[in-house]
> 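Handing you this structure, nothing more for now.
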Amino acid sequence: MIDLRSDTVTRPTAAMRAAISDAPVGDDVYGDDPSVNRLQAMICERTGKQAAAFFPSGTQSNLAAIMAHCARGDEYLVGQLAHTYKFEGGGAAVLGSIQPQPIEHAEDGSLPLAKLEEAIKPVNFHFARTRLLALENTFGGQVIDQDYIVEACSLARRYGLATHLDGARISNAAVASGLDLATLCEPFDTVSICLSKGLGAPQGSLLVGSHELVEASVRWRKMLGGGMRQSGMMAAAGLYALEHQFDRLADDHRNAERLAAGLAEVGGVKVLRQATNMVFLEVPEAHWQGLGEWLRERDIIVSVGSRTRLVTHLEIGEKEIDQVIAAFTTYFGR
Ligand SMILES: *Cc1c(COP(=O)(O)O)cnc(C)c1O
């Protein structure tokens, strides 16, 4: 199967499974798991942050961080299409009593500084207390301009706001921009990093920040049911991913470029954008079902619809890309 729905569909390689099987473990709720501790130390070193905590998912890591920054009745500024706002079940509002203030994205995925400034509420009992700015990088595959990020975070600080980055795919941003994780994380108080996306681990995210903020987030993690025991099994997969599957993200970006170039030649679909490991297509509605089924019959899985996104990952090579282009070509050439 050539599964292009997401970079989360990857399965652990034999070498990763061996790392999992060999992992020294302990009870992480007691802080006793050597593999979890090693993973946390490694990400601190790479991001230049004081402290880190291993979470079962990015959703939980984002939520715990937002709850560490904001109290009941506080507000956070977030993109209208950001994952924490749109794709995490409204967790900040439901479990944190934290009001999101969504901001429209610019074309490049950024949240315009003027709109952010306008949305920050004055201190007055009529308003929720604006406490946090949350950004996302990459956003829809797009690497957010680092100069913009520095400016947005300094604007936030000027108003006394904390800053959080949903860096689910910050590793893709690092590889694509040539900037290291420490540079990309530097402007933020906390950053959440997924191991389960392009890095190819089966599960888990890391939250990094100051000792104080990570400690507060670990308290929320426990309350949210995310205190794990011998999670060194999963941490070992994360360690393996960071050591062996980080630089190869460049292959995914090259393959996405190859895919976009090939699909641009197919009459019938329009390539809207390619950035890092994602390609977005416009497919005429009359073809949503037919194309999806046609591809499925050829062992290719794509969610075809109003927003058709194809994502490359470590199970997709040039050969698979060419098979996908050929399947699109024959479908529209009939
Ligand atoms: C996948 C993702 C998350 C959440 O990660 P899960 O581990 O699936 O909960 C958060 N933000 C972004 C941008 C993501 O793509």
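Keep in mind the model is a prediction, meaning the values are calculated, not measured. Ligands are counted one by one from 1 in listed order, and the atoms in each one are counted from 1 as well.
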> Which of the numbered atoms in ligand 1 are below 4.0 angstrom from a heavy atom of Ser57?
7 (O), 9 (O)

> Any Lys/Arg nitrogen of Arg11 or Glu315 sitting under 4.0 Å from an Asp/Glu carboxylate oxygen of the other?
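Salt bridge present between Arg11 and Glu315.
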
> Under 3.5 Å between some N or O of ligand 1 and some N or O of Cys194?
no

> Decide whether a cation-pi geometry holds between Arg46 and Phe246; the criteria are a distance under 6.0 Å from NZ or CZ to the six-membered ring centre and an angle within 45° of the ring axis.
yes

> Can you name the side chain to side chain donor-acceptor pair (under 3.5 Å) partners of His313, sequence neighbours left out?
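Side chain to side chain donor-acceptor pair (under 3.5 Å) list for His313, sorted by chain: empty.
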
> Run the numbers for me: atoms of ligand 1, each under 4.0 Å from some heavy atom of Thr59, listed by number.
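It comes down to these atoms of ligand 1: 4 (C), 5 (O), 6 (P), 9 (O).
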
> Out of Gln203, Glu136, Glu88, Gln60, who is nearest to atom 13 (C) of ligand 1 when you count heavy atoms only?
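That would be Glu136.
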
> For atom 11 (N) of ligand 1, what's the nearest protein heavy atom and its distance?
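Its nearest protein heavy-atom neighbour is Asp166 OD2, 2.6 Å.
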
> Tell me whether the centres of the aromatic rings in His83 and Phe139 are closer together than 6.0 Å.
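No, they do not, as the ring centres are separated by 6.0 Å or more.
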
> Please report whether ligand 1 has a polar contact with Thr138, defined as an N or O pair separated by less than 3.5 Å (distance criterion only).
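Among all N and O atoms of Thr138, none is under 3.5 Å from an N or O of ligand 1.
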
> With sequence neighbours excluded, what pairs up with Glu45 under the side-chain contact (heavy atoms from CB on, under 4.5 Å) test?
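Checked Glu45 against side-chain contact (heavy atoms from CB on, under 4.5 Å); zero matches.
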
> List ligand 1 atoms under 4.0 Å from Gly58, heavy atoms only on the residue side.
4 (C), 5 (O), 6 (P), 7 (O), 9 (O)

> Just by distance, with hydrogens left out, do Asp33 and Gln230 show a side-chain donor and acceptor under 3.5 Å apart?
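The answer is no; no qualifying pair exists.
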
> Just to be sure I'm reading this right: ignoring hydrogens, which of Arg169, Lys86, Lys197 gets closest to atom 2 (C) of ligand 1? Compare them by their nearest heavy atoms.
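Residue with the shortest heavy-atom distance to the ligand atom: Lys197.
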
